[in-house]
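Below is one structure; the comments refer to it alone.
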Amino acid sequence: MSTFISTYSLDLNNLKLTDGDYTKVEDWEELICENEGRFIRESEFMSFEVDGLDLLIVYDLEVDGRVDYDPGDYYTPPYSDCEITYEDIDVTEVTLDDYNIELTKELKSLFSEVIKKNL
């Protein structure tokens with residue numbers, strides 16, 4: 001298996017998202033507010049087509065944030081603000097055309113960047 005991966009280079013700039021079960025970035029602030037500043041999603045995935053092959057990336061997502069809320073008063077309307085302070089994408093599994101790729105620290109980082117670009 002590792003011979004297959006080492007002899008084949010993927011064009012990760014030419015990925016086509018084909019399927020997935022993941023939390024989009026535009027939903028993070030709402031989830032931070034609903035979950036008191038933090039949420040974790042386990043086993044999210046994205047599936048891509050790259051160079052005619054199927055690439056599946058499974059990962060855990062952890063996001064922390066800060067929520068400010070002022071209920072206002074008679075003269076001032078309510079105010080709320082949310083800021084993302086921490087995000088972590090921990091790639092747990094990568095499969096290329098039914099071949100599991102052994103994940104090194106460098107590969108985890110590389111595939112984490114692929115996920116970030118597509119969120």
Side-chain angles (χ1 to χ4, degrees):
M1 172 195 61
S2 53
T3 305
F4 173 77
I5 298 306
S6 64
T7 58
Y8 192 86
S9 67
L10 296 174
D11 182 7
L12 296 179
N13 294 320
N14 193 19
L15 295 172
K16 178 183 175 190
L17 183 63
T18 57
D19 194 13
D21 182 15
Y22 55 93
T23 308
K24 296 182 181 182
V25 172
E26 55 262 14
D27 298 331
W28 289 7
E29 286 187 6
E30 182 178 339
L31 289 167
I32 289 292
C33 292
E34 290 175 359
N35 294 291
E36 299 178 9
R38 179 175 204 228
F39 73 91
I40 297 173
R41 296 287 188 261
E42 295 179 345
S43 299
E44 291 195 336
F45 74 91
M46 287 186 181
S47 182
F48 301 92
E49 182 182 317
V50 56
D51 299 336
L53 301 172
D54 295 322
L55 176 67
L56 175 69
I57 304 172
V58 181
Y59 61 95
D60 297 334
L61 174 67
E62 179 180 347
V63 179
D64 292 338
R66 179 187 56 76
V67 178
D68 290 329
Y69 176 72
D70 181 355
D73 57 24
Y74 182 77
Y75 300 102
T76 310
Y79 168 80
S80 65
D81 184 39
C82 180
E83 176 185 2
I84 304 297
T85 58
Y86 174 80
E87 63 184 64
D88 181 47
I89 296 172
D90 181 27
V91 176
T92 58
E93 179 183 344
V94 177
T95 306
L96 180 65
D97 258 8
D98 297 327
Y99 290 94
N100 287 332
I101 296 176
E102 186 175 328
L103 293 171
T104 62
K105 187 176 181 179
E106 292 81 21
L107 283 176
K108 279 185 148 201
S109 177
L110 176 70
F111 287 119
S112 177
E113 289 302 315
V114 168
I115 294 299
K116 284 180 185 179
K117 287 180 185 178
N118 287 280
L119 286 174

Checklist entry - Hey, does Ile115 have a side-chain heavy atom less than 4.5 Å from the side chain of Tyr22? => result no
Next on the checklist: Between Leu119 and Met46, is the side chain to side chain contact (heavy atoms under 4.5 Å, CB included) condition met? List the steps.
Outcome noted: CA-CA 10 Å; Leu119 286 174; Met46 287 186 181; 3.5 Å; yes
Next on the checklist: With clusters defined by side-chain heavy atoms of hydrophobic residues (ILVMFWY) lying less than 4.5 Å apart, directly or transitively, does Val50 cluster with Leu17?
Outcome noted: yes
Checklist entry - In terms of hydrophobic clusters joined by side-chain contacts under 4.5 Å, are Leu15 and Phe45 together? => result no
Next on the checklist: Any heavy-atom pair between the side chains of Asn13 and Lys117 that's under 4.5 Å?
Outcome noted: yes
Next on the checklist: Taking CD in Glu30 as the centre, count heavy atoms belonging to other residues, nucleotides or ligands within less than 6.0 Å. Is the count above 12?
Outcome noted: no
Checklist outcome for this item: Rounded to the nearest 0.5 angstrom, the CD-SG distance for Glu29 and Cys33 is 7.0 Å
Checklist outcome for this item: Taken in chain and number order and not counting sequence neighbours, the residues that satisfy salt bridge (charged side-chain N to carboxylate O under 4.0 Å, His left out) with Glu113 are Lys116
Checklist entry - Can you tell if the side chain of Val63 reaches within under 4.5 Å of the side chain of Leu31, non-hydrogen atoms only? => result no
Checklist entry - Quick check: does any side chain N or O of Ser47 sit under 3.5 Å from a backbone N or O of Thr18, one acting as donor and the other as acceptor? => result no
Item to check | Atom pair CD (Glu83) and CZ (Arg66), whose distance is rounded to the nearest 0.5 Å | outcome: 4.5 Å
Next on the checklist: If I take atom CG from residue Asp88 and atom CG from residue Leu61, how far apart are they, to the nearest 0.5 angstrom?
Outcome noted: 8.0 Å
Next on the checklist: Within a 6.0 Å radius of atom CD on Glu36, are there more than 12 heavy atoms belonging to other residues, nucleotides or ligands?
Outcome noted: no
Checklist entry - Around atom CD of Glu42, are there more than 12 heavy atoms of other residues, nucleotides or ligands at under 6.0 Å? => result no
Side-chain donor/acceptor pairs under 3.5 Å, residues 52-60, sequence neighbours excluded:
{"from": "Tyr59", "atom 1": "OH", "to": "Glu44", "atom 2": "OE1", "distance (Å)": "3.1"}
{"from": "Asp60", "atom 1": "OD1", "to": "Ser43", "atom 2": "N", "distance (Å)": "2.9"}

Give the table of side-chain donor-acceptor pairs shorter than 3.5 Å for residues 71-82, with sequence neighbours excluded, one pair per line with atom names and distance.
{"from": "Asp73", "atom 1": "OD1", "to": "Tyr75", "atom 2": "N", "distance (Å)": "2.9"}
{"from": "Asp73", "atom 1": "OD1", "to": "Thr76", "atom 2": "N", "distance (Å)": "2.7"}
{"from": "Asp73", "atom 1": "OD1", "to": "Thr76", "atom 2": "OG1", "distance (Å)": "3.3"}

Checklist entry - Which residues pass the salt bridge (charged side-chain N to carboxylate O under 4.0 Å, His left out) test with Arg38, sequence neighbours left out? => result Glu62, Asp64
Item to check | Partners meeting side-chain contact (heavy atoms from CB on, under 4.5 Å) with Thr104 (sequence neighbours left out) | outcome: Glu106, Leu107
Next on the checklist: So, using side-chain contact (heavy atoms from CB on, under 4.5 Å) as the criterion, who are the partners of Asp98 when residues are at least two apart?
Outcome noted: none
Item to check | Lys108 to Val91 - nearest heavy-atom pair and separation | outcome: CE-O, 2.9 Å
Item to check | Test item: Leu103 and Phe111 side chains (from C-beta on) under 4.5 Å apart, heavy atoms | outcome: yes
Next on the checklist: If I take atom CG from residue Asp51 and atom CG from residue Leu96, how far apart are they, to the nearest 0.5 angstrom?
Outcome noted: 9.0 Å
